[in-house]
Structure formats: C-alpha cells, structure tokens
Amino acid sequence: MRKATLTRILSSSSYIIPGFVEIPFPPLNSHGGSLPFPLTASRTSSVFAHPLSRNVSTFLPPPEWIEPFIDISDLTIQNPRNLQSSPWIDRITNLLQDSPTMESDLSSFCHRFLIRLSPNFIAHVLGSTRLSKTTKVAFQFFRWAEKQKGYTHKLESYVFLIDLLSSSAQDSEVIRTLVAEIRDRGFVMTSSTSNSLIRSLGVMGMVEELLWVWRWMKENGIEPSLYTYNFLMDGLVNSMFVDSAEQVFEAMEAGKIQPDIVTYNILIKGYCKLGKTQKAMDRFREMESKHVHPDKITYLTLIQSFYSDGDFDACLGLYNEMEEKGVEIPSHAYSLVIGGLCRDGKVIEGYAVYESMGRRGCKANVAIYTALIDSFAKGGDVEEAMKLFEKMKDEGLEPDEVTFSVVVNGLCKAGKMEKAVECFKFCRENGVPINAVLYCSLINGLGKGGMVDEAERLFEEMEEKGCVRDSYCYNALIDAFAKAGRIDSALALFKRMEDEGCDQTVYTYTILIDGLFKKHKNEEALKFWEAMIDKGITPTPASFRALSMGLCLSGKVARACKILDDLAPMGILPDSAFEDMINVLCKAGRVKEACKLADGIIDRGREIPGRVRTVLINALRKAVSVIMHLDRKIISVIHDKSFWDVPIPSSTSWRRHVRVSSFIHLDTWLLSPP
DNA sequence: CTAGGGTTAG
C-alpha cells in the first residue's frame with residue numbers, strides 16, 4: 001500500500017513543481033502534503049515537527065542527510081533487507097544538466113527541501129549509468145557535493161568519477177588531482193575500488209598513479225586477484241611499458257596466481273605493439289605447454305600484427321591453424337587473410353578462403369569483395385572480377401568509391417574503356433563520391449588508350465568540381481602526353497604542377513626522362529635526372545631503367561655506366577640496373593656493347609644472373625657475325641666455365657642444362673682460336 | 001566485470 005502511494009507520488013504532476021528554481025525561497029505550504037518526502041514514518045514526523053518558515057529558521061533542524069535507499073523492511077517481514085530506491089534520486093538526477101546554473105539549482109533545491117545529499121547518495125548517483133555521457137556534469141556535481149556542510153566524499157565517489165572521466169578520455173590532469181586527493185585522505189582500500197582504479201588509470205596510461213594504487217593495495221593487505229593483474233598488465237601495455245608488463249607476467253608465473261588466456265593475450269598484444277611479432281609468436285608457442293589455449297583473440301592479434309608486417313604467409317598459417325583447431329574465426333581475420341593473399345597476387349588462394357568463409361556462414365564485406373575484385377583484375381581476369389562485382393551487389397552490398405575505383409581501373413587495364421567510362425558515369429549519376437583516385441584511374445586508362453583529349457578534359461573537370469589534384473593525377477596526364485609524343489604539353493604540365501604547389505615525385509621525373517629520350521632530347525632528359533637527384537628524390541629501378549635505356553640507345557653506354565657507378569656507393573642501385581641495360585642493348589642488336597657491359601660487371605666482381613646470360617646467348621646466336629668481331633677478352637669470358645657453367649632457366653627455348661660452352665663449341669670454327 | 005580490430009584503390 002505504501003509502495004503504491006510512492007509510485008503515485010512519483011508519477012503525479014503535482015510532485016514536479018515547474019520553475020521551482022526561480023523561487024528564491026520555497027514558500028512551502030504549511031501542511032506539507034505535496035512535499036516529496038521519503039515515505040518513512042520517522043522522516044515524516046521529523047519534518048512535520050518543525051515550522052518551515054524562514055523567520056523561524058533558528059528553530060530549523062539541520063538539513064537531513066538523504067540516503068540513496070530507503071529501508072522498507074518493516075513493511076515486508078519475509079524479506080528483512082528490502083531496499084527501495086529513494087525518490088530523491090530522480091529529482092536530483094533531473095537537475096544534473098550541462099547548464100551554468102546547475103550548481104545553484106542544486107543548492108536552492110536542497111535548501112528548499114531542507115536536505116543534504118549523503119556521501120552514499122552522491123556515490124550512488126555518480127555510479128549510475130545516466131551520467132556516463134556527461135562527464136563534465138558529473139565532475140561539477142562531485143565538486144558541488146563537497147561544499148555541503150559536514151560532507152566528505154566516500155572513496156567510491158572518487159572511483160566512480162575517475163571511471164567516468166577515464167572512459168571518456170578526459171584530461172589526465174583532473175584524474176591526477178583526484179588520485180592525489182584519495183592519497184591524502186587515507187582511505188581504506190577495497191578489492192573492487194582498487195580494481196576499478198587500476199583499470200581507469202590503465203586506460204589513461206597513468207603509470208605512476210597505477211603503481212601507487214598497486215602499492216597502496218599491498219599496504220592495505222589486499223591481494224591482487226587475477227583481474228587486478230590483468231588490469232595492471234593492460235594498463236602497462238597500453239602505455240607502452242611492455243617491459244614492465246613482462247616483469248609483472250613473470251612475477252605472476254613465480255607466484256600463486258597463474259597467467260590465464262587474458263594475461264597472455266595482453267602480453268602478446270604488447271609485443272605486437274612494439275613490432276616484436278616474433279617474440280609474440282614465442283609466447284604464443286609457449287602457451288600450450290602451460291595449458292593455456294590460444295583463443296580467437298590470440299590468433300587475431302597475431303594475424304593483425306603479421307598483416308602489418310606484410311607477412312601474409314604467416315597470416316595464412318595462423319588462419320589454417322585456427323581452422324584445424326576449430327577456433328572460432330572472426331570476420332576480421334578473414335578480411336586480413338584474404339586481403340593479404342590478394343595483395344600477394346594469390347587471388348586463387350584468396351578466393352578459396354572467401355569460399356570457406358561462406359561455408360561457415362560468415363558473410364564477406366565490401367572490403368573483402370573489393371580486394372578480390374582488384375586482385376582478379378590485376379591478375380588479368382577481368383571476367384571473374386566483374387562476376388564478383390555482380391555477386392556482391394546481389395548480396396545486397398553497396399560498392400563504395402574504392403570498389404568502383406578498382407573496377408574502373410581493372411576495366412581500363414583490360415582495355416575495356418567503354419565499360420570503364422560507363423562505370424564512371426554511373427558513379428556520377430548515383431551519388432558515389434568521385435575522388436582523386438577514381439578520376440586518376442580513368443585518366444590513366446584514357447591516356448594509355450590513346451584518348452589523351454578525353455583524359456585532359458577529365459583532368460580539367462576535377463578543378464571545376466573542386467576535387468584536389470594530387471601528384472598521381474598530374475602524373476597520369478603527364479604520362480598520357482608523353483606517351484602520345486606531346487612532350488611540350490607534358491613539360492607545361494610539369495611546370496603547372498610546380499606553380500600549383502603539387503610536389504613532383506620520382507614517377508613524374510621518370511615519365512619525363514623517358515619521354516624526352518624518346519624525342520631524342522637527351523641532354524634535357526639528363527638535366528631532369530640531375531634535377532631529381534638534386535631535389536633529394538630517391539631514384540627507383542624504373543627511373544634507372546628510363547635513364548640507362550635512354551643513354552644506351554643514344555650510344556652513351558659509358559656515360560650510363562658512369563652514372564650507375566656513381567650511384568652504387570649510395571646503396572640504392574638496384575641489381576637489375578645493368579641487367580636492364582644489357583637487355584635493352586641486346587634488343588637493339590648491340591650485342592658487342594652488351595658483352596662489354598657484361599665484362600665490366602665481371603670485372604667488378606659481380607655475378608651475371610642466369611636470365612641475363614640467356615638474353616646474351618640468344619642475342620649472340622642471332623648475331624654470329626658479331627661474335628666474329630669480338631675481342632679476345634670477351635671470348636675468354638665466354639670460354640670461362642665459371643661464368644657460363646650454370647643451368648639456364650627453363651623459360652628459354654633451351655633445355656635446362658644446355659651450356660653455353662657447347663653452343664660456343666658449335667661455332668668455334670667461326671672464331672679465331674684463342 | 002577483464003582482452004583483440006578494421007581491412008579495399010590510382
């Protein structure tokens with residue numbers, strides 16, 4: 001019956017007095033019937049016993065401390081500790097808003113109803129989830145509460161507030177102050193408060209405070225539980241104190257509480273964060289012997305780490321292990337494994353994993369489909385790529401701008417320009433955001449397909465549409481111009497790039513160097529090379545190739561060699577540089593120069609790779625007449641068994657173990673005897 | 001009650 005009355009009062013509109021905060025002092029009616037008193041007999045009588053008027057304030061009792069719960073056990077005998085939530089909780093909570101008057105609202109409310117909020121009450125409100133979104137309000141409330149006469153916070157209030165502040169990534173200074181206050185007050189530690197504090201401080205990465213709480217626990221005779229250890233470990237790991245975490249781990253192993261799967265996962269995460277994936281693997285392998293079985297989190301943490309390292313084989317290995325052991329495979333693990341295989345060009349394997357994913361009832365997402373489409377297209381199978389594109393749409397997945405970009409790129413590479421343009425138009429008409437990458441894919445395709453004007457139009461459209469053009473876009477159009485022989489347009493765009501503040505890259509230079517050589521502007525090409533080096537741009541194998549091929553074909557083999565020799569000490573010279581030159585010389589029928597180059601490489605004490613020998617041999621065979629004019633040194637090199645006596649790659653038309661010496665033997669009569 | 005995580009494109 002009392003309970004029913006309580007409910008009625010809580011829900012009745014008369015209970016809520018609109019605008020009461022504006023009333024400087026509550027003109028309470030004398031019988032007090034509408035007051036929100038907690039419905040206990042003692043409370044009711046105590047308030048009714050006093051006149052509620054200001055001018056008799058000297059007779060007022062001290063404001064009553066409000067507790068969060070009302071003991072109504074007197075009403076329910078069978079259940080002796082029946083606690084009912086106080087109706088004041090809702091009323092106070094309603095006042096807690098992000099407003100400048102919040103604190104004065106609270107004060108006048110309490111003044112009006114002659115109440116003080118007890119330490120338990122404050123702790124209860126701070127601990128209730130309703131404040132979790134407004135940490136600022138919680139903090140103000142906390143500070144307001146301690147202004148009440150005779151009030152002192154309970155430890156729980158600190159702990160709840162710190163929990164709120166840490167879970168919303170607040171300024172650590174505030175928390176530091178609160179921890180200092182806890183320290184000064186000399187509270188008695190309990191196991192639940194210490195756990196919560198250690199978690200909060202761990203999230204914030206406040207290691208000093210974390211360790212203080214740890215010591216404080218020990219002083220209070222609280223033995224850390226497994227949870228406490230794990231919280232501490234995670235706190236240390238999250239703030240990159242992996243070494244300390246490792247020490248805690250070892251202390252655990254030596255003590256009463258053994259590390260569990262969570263402890264292992266935290267430590268493994270720590271090693272991975274440091275990039276020490278191998279060390280993480282060592283721990284992982286050691287788990288089984290300690291009878292702790294890796295779970296999906298252990299595996300995913302490791303797979304993620306190997307993925308970041310680019311070690312996709314290791315990702316696959318761990319994935320296979322998960323399958324064998326029947327560990328649940330999270331969809332993110334599939335994403336990483338399939339993504340890795342696709343990036344390695346192993347699209348068939350990637351597709352197989354995708355299929356087994358489907359068999360396990362796990363649905364692929366846009367990223368997985370995009371990775372597969374891209375990999376199929378790059379592997380030359382646009383048909384299969386487009387099939388997957390249709391399939392993902394059938395499954396109700398919305399291709400995003402990345403998917404479209406991959407599709408456009410694939411269609412371009414396959415020479416299906418019409419379809420690529422169609423796809424691009426679809427994006428434009430259907431609200432798919434067209435970013436620089438998508439533009440660039442099509443500009444590239446149009447350029448490679450000889451539709452330079454269309455490429456140029458698209459490039460200009462980017463500016464109209466306010467899409468910022470990065471170096472990729474410039475490079476695409478510069479390449480289109482250069483390949484079409486419009487070297488002046490290319491150079492003009494290079495200039496414009498500079499004017500518009502877009503940095504030229506090694507690709508920009510490579511395109512131009514190649515284009516200039518093709519136009520026989522050898523000196524200008526060299527100038528670009530030097531400008532690039534001066535700018536501190538690191539050459540790539542492709543840029544070497546463009547330069548050395550240009551120089552070789554314009555008859556400046558020696559100069560090319562010199563440039564390459566100069567760069568060799570910098571350690572950036574690719575092994576393929578001379579190889580490329582030999583290739584290009586052979587292709588141009590300049591076998592003698594190619595052989596000379598080979599001699600030079602031997603003279604430098606370096607080895608000629610098998611495939612280069614093959615190229616040389618084939619060129620020699622095609623040009624027996626050249627052999628006749630070879631000088632003695634080249635002949636001796638050719639006759640040198642250590643140079644030639646190596647199996648020739650099976651990719652040639654020759655059988656695997658055919659040796660040049662035998663070929664040379666056939667033609668010995670052509671040569672003057674050594 | 002703790003612990004992992006976001007992938008795809010030029």
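Every chain is numbered from 1 and lettered A, B, ... according to where its sequence line falls, protein lines coming before strand lines. If you're wondering where the values come from, they're calculated on a predicted model, not measured in any experiment.
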Enquirer: To the side chain of A:Cys440, which of B:dT2, B:dG10, B:dA3 is closest?
Expert: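 Of the candidates, B:dG10 comes closest.
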Enquirer: Within the structure shown, what part of the strands sits under 4.0 Å from A:Asn409 by heavy-atom distance: base, sugar-phosphate, or nothing?
Expert: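 Result for A:Asn409 = sugar-phosphate.
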Enquirer: Given atom CD of A:Glu328 and atom C1' of B:dG5, what is their separation to the nearest angstrom?
Expert: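 Answer to the nearest Å: 14 Å.
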Enquirer: Please determine, for the side chain of A:Asn435, which listed nucleotide (B:dG10, B:dT8, B:dA9) has the closest atom?
Expert: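 Nearest to the side-chain atoms of A:Asn435, counting from C-beta on, is B:dA9.
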Enquirer: Within the structure shown, what part of the strands sits under 4.0 Å from A:Ala436 by heavy-atom distance: base, sugar-phosphate, or nothing?
Expert: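 Result for A:Ala436 = base.
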Enquirer: Consider the side chain of A:Lys296, meaning its heavy atoms from C-beta on, and name the nucleotide among B:dA3, B:dG4, B:dA9 that approaches it most closely.
Expert: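 Looking only at side-chain atoms, A:Lys296 lies closest to B:dG4.
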Enquirer: Just call it for A:Asn195: base, sugar-phosphate, or nothing, with non-hydrogen atoms closer than 4.0 Å on any strand.
Expert: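 No contact.
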Enquirer: Ignoring backbone atoms, test whether A:Lys378 places a side-chain nitrogen or oxygen under 4.0 Å from the OP1 or OP2 oxygen of B:dG10.
Expert: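 Result: yes.
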Enquirer: At 4.0 Å (heavy atoms only), tell me whether A:Asp400 reaches a base, stays on the sugar-phosphate, or touches nothing.
Expert: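 The residue A:Asp400 makes base contact.
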Enquirer: Between atom CD1 in A:Ile434 and atom P in B:dA9, what is the gap in whole Å?
Expert: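 Computing the A:Ile434:CD1 to B:dA9:P distance gives 20 Å.
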Enquirer: Could you work out which one of B:dG6, B:dG10, B:dT8 sits closest to the side chain of A:Val402?
Expert: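 Taking heavy atoms from C-beta onward, the closest nucleotide is B:dT8.
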Enquirer: Looking across every strand, which nucleic acid part, if any, lies under 4.0 Å from A:Arg199 by heavy atom: base, sugar-phosphate, or nothing?
Expert: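 A:Arg199: no heavy atom of the nucleic acid under 4.0 Å.
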Enquirer: Counting only side-chain heavy atoms from C-beta out, which of B:dT7, B:dA3, B:dG10 sits nearest to A:Val437?
Expert: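 The closest nucleotide is B:dG10.
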Enquirer: Distance check, rounded to the nearest 0.5 Å: A:Tyr264 atom OH versus A:Arg283 atom CZ?
Expert: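 Result: 6.5 Å between the selected atoms.
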Enquirer: Please tell me which of the listed nucleotides, B:dG10, B:dG5, B:dT8, lies nearest to the side chain of A:Lys413?
Expert: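 Nearest nucleotide to the side chain: B:dG10.
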Enquirer: Fit a plane to each ring of A:Tyr354 and A:Tyr351, take the angle between them on a 0 to 90° scale, and name the class: parallel (under 30°), tilted (30 to 60°) or perpendicular (over 60°).
Expert: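 Judged by the thresholds at 30° and 60°, the geometry between A:Tyr354 and A:Tyr351 is tilted.
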Enquirer: Where the side chain of A:Val262 is concerned, which of B:dT8, B:dT2, B:dG6 is the nearest nucleotide?
Expert: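 Closest nucleotide among those given: B:dT2.
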Enquirer: Quick one: label A:Asn265 by what it contacts on the DNA or RNA (base, sugar-phosphate, nothing), any heavy atom closer than 4.0 Å.
Expert: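 The residue A:Asn265 makes base contact.
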Enquirer: Among side-chain atoms of A:Thr263 and A:Asp260, is any donor-acceptor pair under 3.5 angstrom?
Expert: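 There is such a pair between these side chains.
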Enquirer: In Å, rounded to the nearest 0.5 Å, how long is the span from OG1 of A:Thr508 to CG of A:Asn475?
Expert: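 A:Thr508 OG1 to A:Asn475 CG: 3.5 Å, rounded to 0.5 Å.
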Enquirer: Among B:dT8, B:dT7, B:dG5, which nucleotide has an atom closest to any side-chain atom of A:Ala371?
Expert: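 Nucleotide nearest to A:Ala371's side chain: B:dT8.
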Enquirer: With a 4.0 Å limit, can you tell me whether A:Tyr307 has a side-chain N or O closer than that to the phosphate oxygens OP1/OP2 of B:dT8?
Expert: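 Yes, such a contact exists.
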Enquirer: In whole angstrom, what separates A:Asp470's CG from B:dG10's C1'?
Expert: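 To the nearest whole Å, that distance equals 8 Å.
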Enquirer: Mind checking if A:Leu336 touches a base, just sugar-phosphate, or nothing, with heavy atoms under 4.0 Å?
Expert: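 Nothing, no heavy atom under 4.0 Å.
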Enquirer: Just call it for A:Cys473: base, sugar-phosphate, or nothing, with non-hydrogen atoms closer than 4.0 Å on any strand.
Expert: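 Answer is base: heavy atoms of A:Cys473 come under 4.0 Å of a base.
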Enquirer: Rounding to a whole Å, what distance do you find between A:His332:NE2 and B:dA3:P?
Expert: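 Atom NE2 in A:His332 sits about 18 Å away from atom P in B:dA3.
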Enquirer: I want to verify a distance call: between B:dT2, B:dA9, B:dG10, whose nearest atom is closest to the A:Ser441 side chain?
Expert: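 The answer is B:dG10, which lies nearest to the side chain.
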Enquirer: From C-beta outward on A:Gln304, which listed nucleotide comes closest to its side chain: B:dG5, B:dG10, B:dG4?
Expert: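 When the side chain of A:Gln304 is considered, B:dG5 is the closest of B:dG5, B:dG10, B:dG4.
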